[in-house]
Student: 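Just passing along the structure, written as structure tokens.
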Amino acid sequence: MAGTVAEAEPPAASAPERVVSINLCTDQLAMMLAAPGQLVSVSHLATDPRSSAMAEEAAAYPANHARAEEIYLMDPDLVLAGAYTAKATVGMLTRMGIEVEVFQPAFGLDAVPERIAQMGAALGREAAAADLAASFEARLDALAADAPGPRAALYGANGYTSGDRSLAGEILAAAGFTNIATEYGMSGGGRLPLELLVLSDPALVISGEPYPGASRAEAILDHPLVEALQDRVEGTVMQDRAWICGTPHVLGVVEDLADLRTRVEAR
């Protein structure tokens with residue numbers, strides 16, 4: 001997917017001219033929708049290829065660390081923030097009279113077009129946002145499986161998993177998998193003990209790529225039983241960057257999972 005939408009639409013006359021984003025997810029939506037020169041800074045996380053699906057595009061922008069002082073000196077007329085990040089910075093900027101647009105996380109696939117529309121309105125790029133949202137919905141409809149298929153588990157650090165009422169869970173369902181977390185009454189996120197994972201015997205166990213170092217939280221992913229379940233099909237260890245934010249980049253994960261489903265069903 002291209003990093004930005006078509007640039008033919010100029011921003012509205014009342015649109016902000018200097019926009020700063022201090023959140024990883026707003027970084028990416030803003031890079032997709034902002035008019036040339038409108039976005040003047042993104043968060044430093046946007047340049048991290050482990051976290052950001054648009055790390056290469058983000059390298060073209062000055063990075064910030066979401067500190068109120070540095071943001072103020074950039075002289076923005078709009079700051080884009082997430083609901084759960086840099087609350088002290090958001091509060092201080094608001095008290096100084098700087099407009100801050102706060103975005104909630106996308107807890108499901110239906111929230112992606114909503115966040116796109118919110119960003120389009122904030123930037124004065126409504127038409128571009130409508131085009132991007134329509135493209136997302138059309139592509140998702142084309143990718144979505146007709147019926148649930150093989151049983152799968154999302155499994156991360158500390159045995160964390162996601163149920164069907166979460167962004168990750170809905171991505172899994174769109175690719176045609178049955179999420180075993182629902183068998184244990186998990187709709188959102190929670191911890192799935194290793195014993196239950198093994199007894200469930202899913203056809204697929206999907207986890208994120210471990211970070212460098214010796215994290216005790218991630219040690220469970222090296223357990224021989226987890227590795228045995230993952231070794232059934234190649235490609236079950238995936239990078240986190242396209243799962244984190246509710247942007248059109250999640251469609252790439254749906255495509256990868258659909259390919260895994262085809263291989264599982266062909267075994």
Side-chain angles (χ1 to χ4, degrees), residues 3-5 7 9-107 111-112 114-126 128-129 132 157 167 208 211-213 215 217 239-249:
T4 59
V5 298
E7 298 177 348
E9 179 206 9
S14 59
E17 296 180 358
R18 294 184 57 80
V19 178
V20 173
S21 174
I22 61 174
N23 172 268
L24 174 63
C25 299
T26 59
D27 292 335
Q28 295 175 69
L29 288 174
M31 284 189 284
M32 288 181 172
L33 289 169
Q38 189 178 27
L39 182 64
V40 298
S41 177
V42 297
S43 78
H44 69 286
L45 291 175
T47 63
D48 181 358
R50 285 186 169 271
S51 303
S52 173
M54 298 180 67
E56 291 184 7
E57 293 89 339
Y61 298 89
N64 68 74
H65 291 76
R67 293 190 291 262
E69 297 86 349
E70 66 171 333
I71 304 304
Y72 177 80
L73 292 174
M74 292 178 182
D75 193 29
D77 47 10
L78 177 66
V79 174
L80 307 170
Y84 302 107
T85 55
K87 288 188 175 181
T89 294
V90 170
M92 184 174 291
L93 293 173
T94 301
R95 290 192 294 273
M96 289 189 293
I98 296 175
E99 182 180 355
V100 180
E101 179 79 11
V102 177
F103 288 71
Q104 295 291 331
F107 293 116
V112 176
E114 295 173 4
R115 300 297 172 270
I116 292 172
Q118 182 182 1
M119 182 61 73
L123 299 178
R125 299 271 288 170
E126 289 88 347
L132 183 61
L167 180 60
Y211 281 72
S215 168
Q239 294 182 325
D240 293 335
R241 60 188 183 186
W243 296 72
I244 295 173
C245 296
T247 77
H249 289 284

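Because the structure is a prediction, the values reported are computed rather than measured.
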Student: Would you confirm whether Gln38, through its side chain, and Pro16, through its main-chain N or O, come within 3.5 Å as a donor-acceptor pair?
Tutor: yes
Student: Is there a donor-acceptor contact under 3.5 Å linking the side chains of Gln104 and Gln118?
Tutor: no
Student: So which atom in Ile244 and which in Ser51 form the shortest heavy-atom distance, rounded to 0.1 Å?
Tutor: CD1-O, 3.6 Å
Student: CZ of Arg18 to CG of Leu39: how many Å apart, nearest 0.5 Å?
Tutor: 10.5 Å
Student: So Gln28 and His249, do their side chains get closer than 4.5 Å, heavy atoms only?
Tutor: yes
Student: Is a donor from one side chain sitting under 3.5 angstrom from an acceptor on the other, for Ser21 and Asp27?
Tutor: yes
Student: Of all the heavy-atom pairs spanning Leu78 and Ala122, show the shortest one and how long it is.
Tutor: CD2-O, 3.6 Å
Student: Looking only at heavy atoms, what is the nearest atom pair of Glu70 and His65, with distance?
Tutor: OE2-N, 2.6 Å
Student: Measure the CE-CG distance between Met32 and Leu29 for me, rounded to the nearest 0.5 Å.
Tutor: 6.5 Å
Student: Applying disulfide (SG to SG under 2.5 Å), which residue pairs with at least one partner in residues 22-64 are found, sequence neighbours left out?
Tutor: Cys25-Cys245
Student: Side-chain contact test, heavy atoms from C-beta onward, threshold under 4.5 Å: evaluate it for Ile22 versus Leu80 and give yes or no.
Tutor: no
Student: Search all heavy atoms of Ala81 against all heavy atoms of Asn23 and return the closest pair with its distance.
Tutor: C-CB, 4.1 Å
Student: Does Thr47 reach the main-chain N or O of Ala55 with its side chain, forming a donor-acceptor pair under 3.5 Å?
Tutor: no
Student: Show the nearest heavy-atom pair for residues Ala106 and Arg115, with the distance to one decimal.
Tutor: N-NE, 4.3 Å
Student: With no hydrogens and no angle check, is any side-chain donor or acceptor of Ser52 less than 3.5 Å from a backbone partner on Pro49?
Tutor: no
Student: Find the distance between CE (Met119) and CE (Met31) and round it off to the nearest 0.5 Å.
Tutor: 10.0 Å
Student: Please report the interatomic distance OH(Tyr72) to CG(Leu93), rounded to the nearest 0.5 Å.
Tutor: 10.5 Å
Student: What are the two closest non-hydrogen atoms of Met92 and Ala68, and how far apart are they?
Tutor: SD-CB, 3.5 Å
